[in-house]
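Report on the structure given below.
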Amino acid sequence: MPIQSIEPRRLYRQIAEQIRTLIASGEFPAGSRLPPERDLAKQLGVSRPSVREALIALEVEGLVEVRIGSGIYVLARNGKEGRDAAEGAAEAAAGPFELLRARYVIEGECAALAAKSARKAQVSAIEEALDQMEHEHEDGSQPLTGDRLFHLRVAEATGNGALVAVVKMLWDERTGPLYKQLEDHYDSPALWAASMAEHRAVLKAIVAQDAAGARAAMQRHLNHAYKRFNKGWDALP
């Protein structure tokens with residue numbers, strides 16, 4: 001038998017595979033409720049965010065439904081649709097919570113560098129992106145286009161092309177199926193209003209050339225996003 005290459009897999013994928021196998025074996029039939037997320041984490045010996053990412057991946061596949069405040073329920077399997085969704089979820093390099101933590105580190109430093117080195121035209125470009133976010137929000141749509149543009153323009157204001165490329169890659173992941181599924185549980189006008197106030201704080205610090213303040217404002221924004229996405233899960237029985 002020839003030696004086969006070993007494919008490294010993200011932890012959340014390994015957790016999802018184990019739960020998927022239990023569902024397929026009939027351990028958790030359609031209509032049943034999975035054990036609470038905190039119990040799954042304890043039984044598997046992993047962190048709760050990793051379990052949450054696995055459950056979101058299974059929800060993208062159509063295997064489970066996450067009902068905030070009620071629990072995680074097994075759904076009847078839809079063959080082709082489930083396989084297509086599973087392939088899309090598997091393409092994600094990182095889970096949503098991993099992604100937010102990576103952005104916390106990288107984009108915090110981008111904001112600090114932008115405060116130190118941004119030219120007037122670059123600051124104006126960041127302001128325009130924030131204006132676009134606000135217009136999209138006022139029109140009743142998710143201001144994702146303006147949001148992405150804001151973060152990219154902060155990265156561009158660092159003058160470092162490698163950082164711009166990294167932030168673009170992180171945003172490609174941020175608009176992927178796993179993050180979108182998680183976000184759909186919490187999306188609301190109030191959430192976006194809070195997010196835009198956080199963006200304004202980042203811009204204010206960059207305009208003031210306050211590197212420490214810009215870093216803190218960006219990290220506060222991303223930490224708030226992390227906490228917002230965690231809050232609802234803590235209500236699951």
Side-chain angles (χ1 to χ4, degrees), residues 10-12 37-38 41 46-56 66 68 92-116 118 126 129-130 133-134 137 142-144 146-158 160 163-164 166-176 178-236:
R10 308 302 307 169
L11 179 58
Y12 80 85
E37 166 251 334
R38 66 179 70 85
V46 297
S47 70
R48 290 175 69 176
S50 293
V51 171
R52 291 165 189 166
E53 290 172 336
L55 293 171
I56 287 295
V66 177
I68 300 299
F97 293 103
E98 279 186 316
L99 183 61
L100 282 167
R101 280 312 185 205
R103 291 183 60 201
Y104 176 94
V105 173
I106 294 164
E107 294 196 50
E109 291 309 309
C110 284
L113 287 171
K116 291 179 181 178
I126 298 170
L130 184 53
M133 273 191 77
E134 291 175 342
H137 182 252
Q142 269 192 334
L144 284 175
D147 192 11
R148 181 180 187 274
L149 188 60
F150 178 93
H151 288 271
L152 285 178
R153 285 186 169 170
V154 170
E156 289 166 358
T158 68
N160 186 313
L163 285 174
V164 176
V166 170
V167 171
K168 282 182 178 177
M169 180 272 291
L170 291 172
W171 267 84
D172 286 343
E173 289 290 322
R174 186 251 182 272
T175 53
L178 295 185
Y179 198 104
K180 185 178 184 302
Q181 186 70 42
L182 178 65
E183 189 172 48
D184 283 349
H185 287 297
Y186 303 98
D187 186 54
S188 71
L191 182 150
W192 281 107
S195 177
M196 284 187 293
E198 292 159 11
H199 284 74
R200 281 192 288 272
V202 174
L203 174 60
K204 183 178 179 180
I206 291 173
V207 169
Q209 298 182 319
D210 178 2
R215 179 189 295 109
M218 182 66 83
Q219 291 181 339
R220 192 179 307 116
H221 162 55
L222 293 166
N223 198 42
H224 284 172
Y226 188 94
K227 288 179 177 179
R228 281 192 287 265
F229 289 157
N230 266 306
K231 186 177 179 180
W233 286 84
D234 291 334
L236 287 176

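We use all heavy atoms of the structure for the numbers below, so side chains are in, but hydrogens, waters and symmetry mates are not. Numbering of residues begins at 1 and proceeds along the displayed sequence.
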Could K180 and D184 be called an ion pair, given the rule that one side-chain N must be under 4.0 Å from one carboxylate O?
yes
Is the shortest side-chain heavy-atom distance between [X] and [Y] below 4.5 Å?
{"X": "Y179", "Y": "E173", "result": "no"}
{"X": "L11", "Y": "E53", "result": "no"}
{"X": "L144", "Y": "W192", "result": "yes"}
{"X": "L191", "Y": "E183", "result": "no"}
{"X": "E134", "Y": "P143", "result": "no"}
{"X": "Q219", "Y": "V202", "result": "no"}

At what distance, to the nearest 0.5 angstrom, does [atom1] of [X] lie from [atom2] of [Y]?
{"X": "L55", "Y": "L178", "atom1": "CG", "atom2": "CG", "answer": "11.5 Å"}
{"X": "Y12", "Y": "I56", "atom1": "OH", "atom2": "CD1", "answer": "11.5 Å"}
{"X": "L163", "Y": "K168", "atom1": "CG", "atom2": "NZ", "answer": "12.5 Å"}

Which pairs would a plain distance check flag for residues 106-113, meaning a side-chain donor or acceptor within less than 3.5 Å of a matching protein atom at least two apart in sequence or in another chain?
{"unit_1": "E107", "atom_1": "OE1", "unit_2": "H151", "atom_2": "ND1", "d": "2.5"}
{"unit_1": "E107", "atom_1": "OE2", "unit_2": "R103", "atom_2": "NE", "d": "2.6"}
{"unit_1": "E107", "atom_1": "OE2", "unit_2": "R103", "atom_2": "NH2", "d": "3.3"}
{"unit_1": "E109", "atom_1": "OE1", "unit_2": "R215", "atom_2": "NH2", "d": "3.3"}
{"unit_1": "E109", "atom_1": "OE2", "unit_2": "R215", "atom_2": "NE", "d": "2.7"}

Is there a side-chain hydrogen bond (donor to acceptor under 3.5 Å, both in side chains) between N223 and R101 once you walk through the steps?
CA-CA 8 Å; N223 198 42; R101 280 312 185 205; 3.1 Å; yes
Can you name the closest pair of heavy atoms from [X] and [Y] and give their distance?
{"X": "A114", "Y": "A157", "result": "CB-CB, 3.8 Å"}
{"X": "G146", "Y": "M133", "result": "C-CG, 3.2 Å"}
{"X": "R200", "Y": "L130", "result": "CG-CD2, 3.4 Å"}
{"X": "A194", "Y": "R228", "result": "CB-NH1, 4.2 Å"}
{"X": "L182", "Y": "P96", "result": "CD2-CB, 3.6 Å"}
{"X": "Y226", "Y": "P49", "result": "OH-CG, 3.5 Å"}

Please determine whether side chain to side chain contact (heavy atoms under 4.5 Å, CB included) holds for the pair R148 and D172, giving the CA-CA distance in whole Å, both sets of side-chain angles, and the decisive distance to 0.1 Å.
CA-CA 10 Å; R148 181 180 187 274; D172 286 343; 4.1 Å; yes
Donor-acceptor under 3.5 Å (T175 side chain, W171 main chain):
yes
Main-chain N/O of H224 paired to E198 side chain as donor or acceptor, under 3.5 Å
no
